[in-house]
Amino acid sequence: MSLYFDFHCHLADEQYTTEDLSQILSICQQENITICSMSTNFEDFKLNLEYSNHPNVLIGFGIHPYEAHKIKQMPNWEEKIQKTIEQYKNLIKFIGEVGLDFYKMKHTYQQQIEVFEYFTYLSSEYNLPLSIHTRSAEKEVCNILIKYQKKKKLKAIFHCYTSTEKDIAKTILENEWYFGFGGVITFKKSTELREILKYIYDNKGNILCETDSPYITPEPYRGKKNYPYFVKIIYENVEKILKTKDFIFSYPI
Ligand SMILES: [Zn+2]
């Protein structure tokens, strides 16, 4: 078992060079960090498959909300998604990155909902945790999750959690879903988010650490490229805010 998990990152991102990738894998192996690498489309997933047999890598398959409208144009898109999961079910450990983004992509909301609902259904069928991106659509995401978890609880991870609305945190707590904290928690301006983190901890919420690398680089490297091994910075920050090492109540995997 690893000491550290980066619960959400993108090894397949085009920003990473071959040198970056071999450095990431060797540092993570040395420092006992498990990398959970998400896919945003079918092409990403193919690249992630190449890393899936590395001892420190777990991979996810999903279609990012920014890509949902493109997938919806494919004939038999549902069948294509389901076949991919069926074919690689021994390798796929997460469904992600999936979700709803009504902030940047309001015009594709209908396609996003259909694609996200389908992945939520597959998450319950295959008992796989969902790694969820959501922006300005937290309530809609919660409603879809509740709709599909009638028989058993879904393992839903709210990746890059930044909502400061207490009602959203309460719904996630009630359903025993997961909060993924990343680089934003280290930013100077995130005072309110740090208060929410304390509230979640006090209410025995499931707290996970992640980087979303190569994006959302934590302080003091903000503005530069992000790497999965920077997750140690996130662990240190969360520990400092909560004044304890004992903040992870359970893992979704
Ligand atoms: Zn991501």
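All figures in this text were calculated on a predicted structure; none of them were measured in a lab. Start at 1 and go down the list; that is how both ligands and their atoms are numbered.
Note on H10: counted as a metal contact of the Zn ion (ligand 1), an N/O/S atom lying under 2.8 Å.
Proximity of a side-chain donor or acceptor of N41 to a complementary backbone N or O of D44 within less than 3.5 Å is detected.
Taking the six-membered ring where tryptophan is involved, the planes of H8 and H10 are perpendicular, since the angle between them exceeds 60° and thus also 30°.
Counting heavy atoms from C-beta outward, F42 and I63 have side chains that approach closer than 4.5 Å. Residues N206 and I248 fail the side-chain proximity criterion, which asks for heavy atoms closer than 4.5 Å.
Here the N, O or S atom of E97 that is nearest to the Zn ion (ligand 1) is OE1. When the Zn ion (ligand 1) is compared with the N/O/S atoms of H8, atom NE2 turns out nearest. D212 contributes OD1 as its N, O or S atom closest to the Zn ion (ligand 1).
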